[in-house]
Visitor: 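The structure's right below; bear with me while I get my questions together.
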Amino acid sequence: SYRKGGYHAVRVGDAFAGGRYIAQRKLGWGYFSTVWLAYDTLSARFVALKIQKSAKEYSHAALHEIGLLSAIAEGDPSNSNCVVRLLDYFKHSGPNGQHYCIVLEFLGDSLLRLIRYNHNKGIGLDRVKNICRSILVALDSLHRKLGIIHSDLKPENVLLVSTINPEKDPVKSNFIPILERPEGNLNGGFPFTVNEKKLMIKTRRALVKISKRRVSMGGYVEFERSLDGIDLRCKVVDFGNACWFDKQFADEIQTRQYRAPEVIIGSGYSFSVDMWSFACIAFELATGDLLFAPKNRPGLTEDEDHLALMMELLGKMPRNIATTGSRSNDFFDKYGDLKRIRRLKSWALDRLLVEKYNFSEADARSFTEFLRPLLDFDPEKRPTAAQCLQNPWLQEPKEADA
Ligand code: ATP
Ligand code: MG
Ligand code: MG
């Protein structure tokens, strides 16, 4: 991917925008870009520099993202809506072409790292509530104030507000991944240059030696055993796939596991697709597992498996919904039954939480009451972000339940 039209290879110390920004280290990557921690010499602070691939379609996507991020920033002068703040943008030319660069406020680890770091065990309901509140504040302002559908909400696109001062702290991350793995990003890809890989392997060996701390399975050095004391505020990032609700351009949106049923069956979509993804994230934070993990099974498509998983957990999709999408015929007969999957095992969400994840009956009940309406097959019936923010489950810390 480091070729003409692709990523721009960056070395630590590289200068951008006529010397204003100096690259420090790679923070992450996606299908469209690599993202670097950079020092802004003008404002004397650290920023995140998202360096887009250079081919025309990526530049187009960057301009689109800049447009949305500008509108978001204008609508929120106090920077309190839990969405990443756009600071600047410019073009940078390198051996692989002209790259749009988007300068964003520097944030911390993604929720995906948080979940992995915690060994996929779930992070505790009080923390889940905190994070849910931040995401809902973001969705409420995107949906109601701005008319924007994020359409790619998932744990790697929600970042914790960093509690680390990159200048003072040598670790520079709460849960530092020493060697990112391809599966760390659901979109795949492994955009590291050969030199970067060598450097990471060296750093990893050195750290293991110095710290004598265990390197966990995912390639993470465990610096902190507990999440206690980490203030879990977060912000929504990555508006590359977002759209104005009245100017939609793609039929297939969202990352597979977080995709709403109406997107799969092709019956049009609106803000409520983000509410579906939000519910998937909340479940994943609470349990450490994906809510829906569809697979390609012999003779079946991933879409069919996905719909079957949904119906096993949520009951049968109402016939009028199942049969009225542009792709309904691919999956359903005229009665609204799946054509190729006849037998569904059924699970109730609260039973799943108790039996598989050892939730107490009370926790399972209140969490299910919060989640279940968000997973309505009828998009119109899902609560809005504003309504969710009023939900009693989010209001009180745990003690108040008693
Ligand atoms: P995708 O393939 O999901 O569309 P993308 O190429 O559009 O990805 P982003 O999702 O915006 O890129 O960013 C990629 C990663 O870089 C994030 O998952 C995160 O780890 C890191 N990152 C992005 N923005 C910031 C930021 N403001 N502060 C710190 N890290 C960031
Ligand atoms: Mg992303
Ligand atoms: Mg993106």
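Counting starts at 1 for both ligands and their atoms, in listed order. What you are looking at is a predicted structure, and each value in this text was computed from that prediction instead of being measured.
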Visitor: Out of Leu111, Asp152, Leu159, whose heavy atom sits nearest atom 19 (C) of ligand 1?
Guide: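 When every heavy atom of Leu111, Asp152, Leu159 is considered, Leu159 comes closest to atom 19 (C) of ligand 1.
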
Visitor: Looking at Glu252 and Arg259, is there a salt bridge between them, counting it only when a charged N and a carboxylate O are closer than 4.0 Å?
Guide: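 A salt bridge is present here (some side-chain N lies under 4.0 Å from a carboxylate O).
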
Visitor: Is Arg343 salt-bridged to Glu312, cutoff N-O under 4.0 Å?
Guide: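 A salt bridge is absent here (no side-chain N lies under 4.0 Å from a carboxylate O).
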
Visitor: Suppose I only count heavy atoms of Asn157 and a 4.0 Å limit; which atoms of ligand 1 are within that range?
Guide: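 Once the distances to Asn157 are compared, the set is 3 (O), 10 (O).
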
Visitor: Could you tell me whether Lys53 sits above the aromatic face of Tyr2, with NZ or CZ closer than 6.0 angstrom to the six-membered ring centre and within 45 degrees of the axis?
Guide: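 Verdict for Tyr2: no cation-pi partner in Lys53.
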
Visitor: Write down the atom of Ile135, the atom of Phe278, and the distance for their closest heavy-atom approach.
Guide: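 Taking Ile135 first and Phe278 second, the nearest heavy atoms are CG2-CD1, 3.7 Å.
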
Visitor: Which residues pass the salt bridge (charged side-chain N to carboxylate O under 4.0 Å, His left out) test with Arg85, not counting sequence neighbours?
Guide: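 Partners of Arg85 by the salt bridge (charged side-chain N to carboxylate O under 4.0 Å, His left out) criterion, ordered by chain and then number, come out as Asp76.
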
Visitor: Going by the closest heavy atom to atom 20 (O) of ligand 1, which one wins out of Leu87, Leu112, Leu27, Val47?
Guide: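 It is Leu27 that holds the nearest heavy atom.
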
Visitor: What part of Leu37, side chain from CB on, backbone N/CA/C/O, both or neither, has a heavy atom under 4.0 Å from ligand 1?
Guide: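 The answer is neither.
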
Visitor: Can you see whether Arg256 engages His306 through a side-chain donor-acceptor pair at a distance of less than 3.5 angstrom?
Guide: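 The criterion, which ignores hydrogens and geometry beyond distance, is satisfied for His306 and Arg256.
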
Visitor: Which ligand 1 atoms, with their elements, are less than 4.0 angstrom from a heavy-atom of Tyr31?
Guide: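 By the 4.0 Å cutoff, the relevant atoms are 1 (P), 2 (O), 6 (O), 8 (O).
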
Visitor: Nearest non-hydrogen atom to atom 11 (O) of ligand 1 belongs to which of Arg113, Glu156, Lys50, Lys53?
Guide: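 It is Lys50 that holds the nearest heavy atom.
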
Visitor: Between Pro261 and Met317, what is the shortest heavy-atom contact and its length?
Guide: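 Looking at all heavy atoms of both residues, the shortest contact is CB-CE, 4.0 Å.
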
Visitor: On a heavy-atom basis, which atom in Phe106 and which in Leu37 lie closest, and how many Å separate them?
Guide: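 Looking at all heavy atoms of both residues, the shortest contact is CD1-CD1, 3.6 Å.
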
Visitor: Got an N/O contact under 3.5 Å between Gly108 and ligand 1?
Guide: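 Between Gly108 and ligand 1, no N or O pair is found under 3.5 Å apart.
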
Visitor: Using the ring pair (Phe, Tyr, Trp, His ring centres under 6.0 Å) rule, collect all pairs that involve residues 341-365, keeping only residues at least two apart or in two chains.
Guide: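 As it turns out, the ring pair (Phe, Tyr, Trp, His ring centres under 6.0 Å) pairs with a partner in residues 341-365, which skip direct neighbours, are Phe283-Tyr357.
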
Visitor: List the residues meeting salt bridge (charged side-chain N to carboxylate O under 4.0 Å, His left out) with Arg45, not counting sequence neighbours, and say none if there are none.
Guide: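 Arg45: no salt bridge (charged side-chain N to carboxylate O under 4.0 Å, His left out) contacts found.
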
Visitor: Determine whether the side chain, the backbone, both or neither of Ser110 has a heavy atom under 4.0 Å from any heavy atom of ligand 1.
Guide: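 Under 4.0 Å from ligand 1, Ser110 contributes no heavy atoms.
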
Visitor: Please determine, by modelled atom types, if Asp152 and Thr255 share a side-chain donor-acceptor pair under 3.5 angstrom.
Guide: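 Result is yes, a qualifying pair exists.
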
Visitor: Under 4.0 Å from any heavy atom of Ala48, which atoms of ligand 1 are there?
Guide: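 Result: 26 (C), 27 (N), 28 (N).
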
Visitor: Closer than 2.8 Å to the Mg ion (ligand 3), what protein N/O/S atoms do you find?
Guide: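 Only Asp238 OD1, Asp238 OD2 fall inside 2.8 Å of the Mg ion (ligand 3).
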
Visitor: Run down the list Ile102, Leu107, Asp238, Val103 and name the one with the heavy atom closest to atom 3 (O) of ligand 1.
Guide: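 The nearest heavy atom belongs to Asp238.
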
